[in-house]
Amino acid sequence: MGNEVERKIDILPIVFPECELKDTLYTKENKMDLKFDGICEMPFYLKVYCGQDLCYSLDLENRDAITVDFTSNGTYTFVLEHKEYPQIKKALEGSIVYSNITPIITLQPSSKVSNEDVFVGLNWYVPYIKKAYVDVELDGIKDRHPFNEEICLKAVENKDLFYKVFAYAMDAFGNEVSDMVIVRIDKRAPSTSLYLNNEQVLDKKIIKKLPEFEFLIDDNRANMRIEYYINGVLMDMDIEKVFNRMIKDDVLKVKTYTYDALSNFEIKEYEFMFSPDKKIEMVSKSEQILRSDEVATFERIWSVNEKNELVLEKNTKVLTSKSKPKIHYVRKKNKVQIFSKDQIESCFVNGKKIAIQKDVLGHDFVEISLKKSKTTIEVKAKNDSGVTTIKKSEIKKPILKISFLQQLWIWIQRVFKL
């Protein structure tokens, strides 16, 4: 009992310094100063974590602030740890979120010009989003939508609409990003008007002479197709030919089909009653009785007198032949001349094409020499009516008959070289 020694040990309390970081802080700077409420007099390390991973340790002893570096994107937390007693530690309250990612927004409409409803998709990547919306503006009126809502731009019948779609987002780091797209939805058919002699046609009209139609379209990119009917029968010809077929009290219907670039279309019909003030001389049936080799056309001259009456001044019947062109052969000894009053399109002699010449009268002709015992000729000709004919011939070279005296004289010439 007398060998006992008493010692007095002073146990100093461990006091953790207080950090000014209390909440979550967002930054896009790659380093930041952490400040404490005073100089740290105790031996502490500041352990820096990114997520669950320890990044590095900093010596905090005798310092009231320390610089923290951020090497990768993520949430950083901090722990104070005693140098001598590592089991003694304390986590700081706040955290720092670091990111160098630039947010992205892209609007993707199903079409920028359409005559149907258009759906607008939104591709975006905005980590730590703080504020975001999509505005749809039409005629100056804005309608706001959240990011997760499907945007549908409606087509309206007989309307040509321009939608302006604007998307905006801001992240917690203060980065702002936006995108805008303008979409045209045109569901308005092209508008057309018909003018007759500079007067717009609104109702059924009576015509007395060949009309001067003028079609006006409000869209210069639109296309129009026109059909003409006489008494309900489609006439596949132009208006002048249609008019020449009309007689008194015939009904002319004009039907127009107009399409724009977006396939919007308009169909209109107009009716006209043909009622001249004076009876028009018509072509009689007897005029149309033709020979089998003739085609008739009529040249008519119309005029309008002072009373606005339509008068047929001239009605001339023009006949053209529809018979096949004729090809003539003339043979002179060992030569054959081929000619035609019509056009000779081609001539082949033993399969070889021969050039075509013209005589003093302008007629086509071909002259060939018969060099072989048998010659094949093929000639093609066409007349003014477009009727063609092909003549094929086979011509043999003539065999000359000579007398005994003629043969003797030929022998003497050969022997004595006369």
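As the structure is a computational prediction, the values presented were derived from the model and not from experiment. Along the sequence shown, residues carry numbers from 1.
- Judged by distance alone, the side chain of Ser110 and the main-chain N or O of Phe119 form a donor-acceptor pair under 3.5 Å.
- Shown here is Phe265, whose CZ atom has no more than 12 heavy atoms of other residues, nucleotides or ligands within 6.0 Å.
- Atom CD of Glu240 is surrounded by 12 or fewer heavy atoms from other residues, nucleotides or ligands within 6.0 Å.
- Scanning all heavy atoms of the two residues, the minimum distance from Gly232 to Tyr229 falls at O-CD2, 3.7 Å.
- Glu149 has no carboxylate O lying under 4.0 Å from a charged side-chain N of Arg144, or vice versa, which leaves the two without a salt bridge.
- The side-chain heavy atoms of Leu54 and Val79, taken from C-beta on, include no pair separated by under 4.5 Å.
- Relative to the ring axis of Tyr49, Lys47 does not place its NZ or CZ within 45° and under 6.0 Å from the centre.
- Around atom CG of Asn62, more than 12 heavy atoms belonging to other residues, nucleotides or ligands sit under 6.0 Å away.
- Between Tyr329 and Ser393, the closest side-chain pair of non-hydrogen atoms falls below 4.5 Å.
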>> Show, in sequence, the C-alpha distance, side-chain angles and deciding distance for Thr376 and Lys392, and conclude whether the side chain to side chain contact (heavy atoms under 4.5 Å, CB included) test is met.
In response: CA-CA 7 Å; Thr376 302; Lys392 295 182 180 181; over 6 Å; no

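- Counting only heavy atoms from C-beta outward, the side chains of Ile247 and Asp249 never approach each other to under 4.5 Å.
- A distance of 12.5 Å separates CG in Asn115 from CZ in Arg188, rounded to the nearest 0.5 Å.
- Summarising the geometry, atom CD belonging to Glu269 is positioned 4.5 Å from atom NZ belonging to Lys253; distances are rounded to the nearest 0.5 Å.
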>> Run the side chain to side chain contact (heavy atoms under 4.5 Å, CB included) test on Val48 and Phe78 for me, step by step, so that the C-alpha distance in whole Å, both residues' side-chain angles and the decisive distance to 0.1 Å come before the verdict.
In response: CA-CA 5 Å; Val48 181; Phe78 310 96; 3.9 Å; yes

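- A donor-acceptor pair shorter than 3.5 Å cannot be found between the side chains of Thr388 and Glu345.
- Atoms CD1 and CD, from Ile182 and Glu137 in turn, are 9.0 Å apart once rounded to the nearest 0.5 Å.
- Between Leu25 and Met32, the closest side-chain pair of non-hydrogen atoms falls below 4.5 Å.
- Looking only at side-chain heavy atoms (C-beta outward), Tyr125 and Thr106 stay at 4.5 Å or farther from each other.
- A donor-acceptor pair is defined here as one N or O able to donate and one able to accept, closer than 3.5 Å; such a pair exists between the side chain of Ser340 and the backbone of Lys326.
- Residues Lys374 and Asn350 share a closest heavy-atom pair of O-OD1, 4.2 Å.
- In this structure, CE on Met180 lies 12.0 Å from CG on Asp135, to the nearest 0.5 angstrom.
- Between Phe213 and Phe272, the gap from one ring centroid to the other is short of 6.0 Å.
- Residues Pro43 and His82 are in side-chain contact: their nearest non-hydrogen atoms beyond the backbone lie under 4.5 Å apart.
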> When you look at Val366 and Val379, which way does the side chain to side chain contact (heavy atoms under 4.5 Å, CB included) test go after all the steps?
Replying inline: CA-CA 10 Å; Val366 177; Val379 183; over 6 Å; no

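- Taking 4.5 Å as the limit, every side-chain heavy atom of Phe70 sits out of range of all side-chain heavy atoms of Asn100.
- The shortest distance between side-chain heavy atoms of Leu107 and Leu122 falls below 4.5 Å.
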>> Walk me through whether Ile96 and Leu34 qualify under side chain to side chain contact (heavy atoms under 4.5 Å, CB included).
In response: CA-CA 10 Å; Ile96 298 176; Leu34 282 183; 4.1 Å; yes

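- A salt bridge links Asp59 with Lys83: the distance from a Lys NZ or Arg NE/NH1/NH2 to an Asp or Glu carboxylate oxygen falls below 4.0 Å.
- Leu202 CG: more than 12 foreign heavy atoms inside a 6.0 Å radius.
- The local environment of CG in Asn198 is sparse, with at most 12 non-hydrogen atoms from other residues, nucleotides or ligands closer than 6.0 Å.
- Among all heavy-atom pairs drawn from Asp364 and Asp342, the shortest one is OD2-O, 4.2 Å.
- Within 6.0 Å of atom NZ in Lys22, more than 12 heavy atoms from other residues, nucleotides or ligands are found, so the atom counts as buried in its surroundings.
- A salt bridge is defined here as a Lys NZ or Arg NE, NH1 or NH2 lying under 4.0 Å from an Asp or Glu carboxylate O, and Lys35 with Glu20 fails to meet this definition.
- Classification of the Phe16-Phe44 ring pair by plane angle, with boundaries at 30° and 60°, yields tilted.
- Residue pairs that meet the side chain to side chain donor-acceptor pair (under 3.5 Å) test with at least one member in residues 173-183, sequence neighbours left out, are Lys28-Asn175, Tyr168-Glu176, Asp171-Asn175.
- With Asn264 contributing its side chain and Asp186 its backbone, the two residues share a donor-acceptor pair below 3.5 Å.
- Of all heavy-atom pairs between Ile377 and Cys347, the closest is CG2-SG, 4.4 Å.
- If you take CG on Leu252 and CE on Met273, they are separated by 11.0 Å, rounding to the nearest 0.5 Å.
- The pair Lys31-Glu29 does not meet the salt-bridge criterion, since no charged nitrogen lies less than 4.0 angstrom from a carboxylate oxygen.
- With hydrogens and angles left out, the side-chain atoms of Tyr128 and Lys130 include no donor and acceptor closer than 3.5 Å.
- Salt bridge absent: Glu227 and Lys255 never bring a charged side-chain N and a carboxylate O closer than 4.0 Å.
- Here the closest non-hydrogen pair linking Phe243 and Lys209 is CZ-C, 3.3 Å.
- Under the 6.0 Å cut-off for aromatic ring centres, Tyr133 and His145 do not qualify, their centroids lying 6.0 Å or more apart.
- Distance check: Cys40 SG to Leu60 CG gives 4.5 Å after rounding to the nearest 0.5 Å.
- Counting non-hydrogen atoms of other residues, nucleotides and ligands closer than 6.0 Å to CD of Gln87 gives a total above 12.
- Heavy-atom minimum distance, Lys205 versus Gln200: CE-O, 4.3 Å.
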